[in-house]
Number of protein chains: 2
Amino acid sequence: MTRGRRQAPVSKKISESAVRRLSLYLRTLEELDRAGQEMVSSEQLAAKSATTAAQVRKDLSLFGSFGKRGFGYTVEELGRALRDILGLTQPWRVALIGAGRIGSALFEYRGLTHRGFQIVAVFDCDPSKIGRKWGDSMIRDVAELERVVGDLDIQIAILAVPVEAVQGVMDQASRAGVRGVLNFAPRRLKVPAGVTVKDVNLVIELESLTFALSQGV
Amino acid sequence: MTRGRRQAPVSKKISESAVRRLSLYLRTLEELDRAGQEMVSSEQLAAKSATTAAQVRKDLSLFGSFGKRGFGYTVEELGRALRDILGLTQPWRVALIGAGRIGSALFEYRGLTHRGFQIVAVFDCDPSKIGRKWGDSMIRDVAELERVVGDLDIQIAILAVPVEAVQGVMDQASRAGVRGVLNFAPRRLKVPAGVTVKDVNLVIELESLTFALSQGV
DNA sequence: CTAGTATTGTGAAGGTTTTCACAAGCTGTG
DNA sequence: CACAGCTTGTGAAAACCTTCACAATACTAG
Ligand SMILES: NC(=O)c1ccc[n+]([C@@H]2O[C@H](COP(=O)([O-])OP(=O)(O)OC[C@H]3O[C@@H](n4cnc5c(N)ncnc54)[C@H](O)[C@@H]3O)[C@@H](O)[C@H]2O)c1
Ligand SMILES: NC(=O)c1ccc[n+]([C@@H]2O[C@H](COP(=O)([O-])OP(=O)(O)OC[C@H]3O[C@@H](n4cnc5c(N)ncnc54)[C@H](O)[C@@H]3O)[C@@H](O)[C@H]2O)c1
């Protein structure tokens, strides 16, 4: 029987909610790090991440053993481990498709670059927008998507196009070799196996809010 | 033993995921309605909403009995029932706080008004923005928040301010009597009991995407 | 009216996630 | 070195959610 720590997972299935919490823990750790704190207990990490100490320990135990009994976790070390688990050790190259209102907000959002997501190309289909300069680069014709994704080694696409266009753009993107997609259009996308989609849907958020509000009366 | 249909729930606890699916079903129903379809089976509703027929029926059964055995559901009737359950029978009055990049994208987003969310006031703290005209109304000083929320009977606030400012703005909003909040800033908010918060956090979405991508290697 | 077909509504089973509780183990102190 | 104090890591229990499977039932056709 091996005794290693920080062991690779035995390929257990990890729940979506566990992964989302890991991302939260990482943000909390970064705040602690900025505040100069070196150690943190599962108790404290939980309090700052709106969960419980047991949940924190269970989540981490899915991936290995990162703490010291009696003392807690080293902020920096655990942060490194989480970045590693979440696949954040090297920056990701992202295409933004749709240079409209949401697209421009995202393009200028420092929170993304900061976390290692580099928008390396922007696409649109509107001739009046194509060629316009955004930041260092230029808005490209979405027809070039396939070529550019290959040339720039893009792995992720953010879809910020109108709902009627989104499935078509998705098809182009998956043909181009994009493996992950963040979709802002309110439609469930059909994708080939091997492509992962995450949806951001404001209306669902708002409606789950109004549900809660009208329940609580 | 009563035999009523469409019974009010016996105040069971409804899971967040069930509510989110209801919102999805509603969108699907609206699409079917636009397409002129009158009846729908749980099977079809499930296929279009990326879930299973059993799940659809179970979700609906939490709130009552809306279908006809042997036939399915009336698109319009079920739509009405879902709007009722989700608290969408009358429009909600929303304050947008933070007239920056994300704020302006949201303000112009038709998808919200469309679904009965009316942005009736916009607030900022930047003197160069206050007083500027947006749509029919004007950007107001966030200092007026408390008064305006009362005057305009605002129930929901969308927070689109920088992360450093968000807890302060949240405190103002809850003092003002806002009961629901959609928060775009990447920080967990502390709120008094009776206030519900939903977070929209892009970085979590992207990181759960990169987790999936780096697992799947 | 009866038979036949289709689909709902729902207990029960099965599966997953969260919480509990405690042995294991690290560190500082005397 | 032994002990005290504290926190992790983890099986087991509890809670929660999804899937299964089928009786109940609505409607149509004959
Ligand atoms: N604006 C918001 O706050 C908001 C919020 C949530 C979701 N969304 C969703 O995000 C998407 C974009 O919204 P928006 O408000 O930015 O719209 P927008 O109209 O401002 O921008 C859409 C952009 O996509 C471009 N486009 C259209 N078809 C294209 C194609 N086939 N290929 C490439 N580019 C194409 C358009 O030229 C335009 O520049 C929509 O699906 C919307 O439902 C928007
Ligand atoms: N831009 C994006 O795409 C994006 C994406 C996800 C999340 N976010 C988050 O949304 C928030 C807003 O981002 P943004 O890019 O729109 O920023 P922004 O700087 O463009 O806009 C923020 C606005 O808030 C105003 N403001 C600051 N303090 C305020 C206060 N106390 N009261 C009222 N208004 C105040 C500012 O004057 C500014 O107009 C941030 O927390 C950001 O992390 C942004």
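These numbers were taken from a predicted model, which means no experiment stands behind them. Worth knowing before you read on, the calculation uses all heavy atoms, side chains too, and leaves out hydrogens, waters and symmetry mates.
- For DNA chain D, the neighbouring residues in residues 38-54 of chain B, judged by any heavy atom under 4.0 Å, are Thr52(B), Ala54(B).
- Note on Ser15(A): every side-chain N or O is 4.0 Å or more away from OP1 and OP2 of dT16(C).
- Within a 6.0 Å radius of CD in Glu43(A), other residues, nucleotides and ligands contribute 12 heavy atoms or fewer.
- For the pair Leu60(A) CG and dT7(D) P, the computed distance is 16 Å after rounding to whole Å.
- Nucleotide dC20(C) holds its P atom 15 Å from the CG atom of Asp59(A), rounded to whole Å.
- Rounded to a whole Å, the CD atom of Glu16(A) is 12 Å from the P atom of dT18(C).
- A side-chain donor from one of Asp59(A) and Gln55(A) sits under 3.5 Å from a side-chain acceptor of the other.
- When the P atom of dG11(D) is taken as reference, atom CG of Leu62(A) falls 12 Å away, rounded to whole Å.
- OP1 or OP2 of dT8(C) has at least one side-chain nitrogen or oxygen of Arg57(B) nearer than 4.0 Å.
- Under the side chain to side chain contact (heavy atoms under 4.5 Å, CB included) test applied with Lys48(A), the options Leu24(A), Leu29(A), Leu32(A) reduce to a single match, Leu32(A).
- Residue-to-nucleotide contacts include no donor-acceptor pair under 3.5 Å from the side chain of Lys68(A) to the base of dG9(D).
- Counting distance only, with no hydrogens placed and no angle test, the side-chain atoms of Arg69(B) and the base atoms of dT25(D) include no donor-acceptor pair under 3.5 Å.
- Close to dG9(D), at under 4.0 Å from its OP1 or OP2, lies a side-chain N or O of Tyr73(A).
- Considering only side-chain atoms of Ser17(A), the nucleotide from dG9(D), dC17(D), dT18(C) that sits closest is dT18(C).
- Residues Asp199(A) and Glu205(B) form no side-chain contact, since every pair of their non-hydrogen atoms from C-beta on lies 4.5 Å or further apart.
- Atom C1' of nucleotide dT19(C) and atom CD of Gln55(A) are separated by 8 Å, given to the nearest angstrom.
- Using cut-offs of 30° and 60° on the angle between ring planes, the pair Trp134(A) and Phe107(A) is tilted.
- The shortest side-chain heavy-atom distance between Val94(A) and Gln118(A) does not fall under the 4.5 Å cut-off.
- Taking 4.0 Å as the cut-off between side-chain N and carboxylate O, Glu31(B) and Arg27(B) do not count as a salt-bridged pair.
- Between the C1' atom of dG28(C) and the CZ atom of Phe71(A) lies a distance of 7 Å, rounded to the nearest Å.
- Side-chain atoms of Lys58(B) lie closest to dT19(D) of the nucleotides dT18(C), dG9(C), dT19(D).
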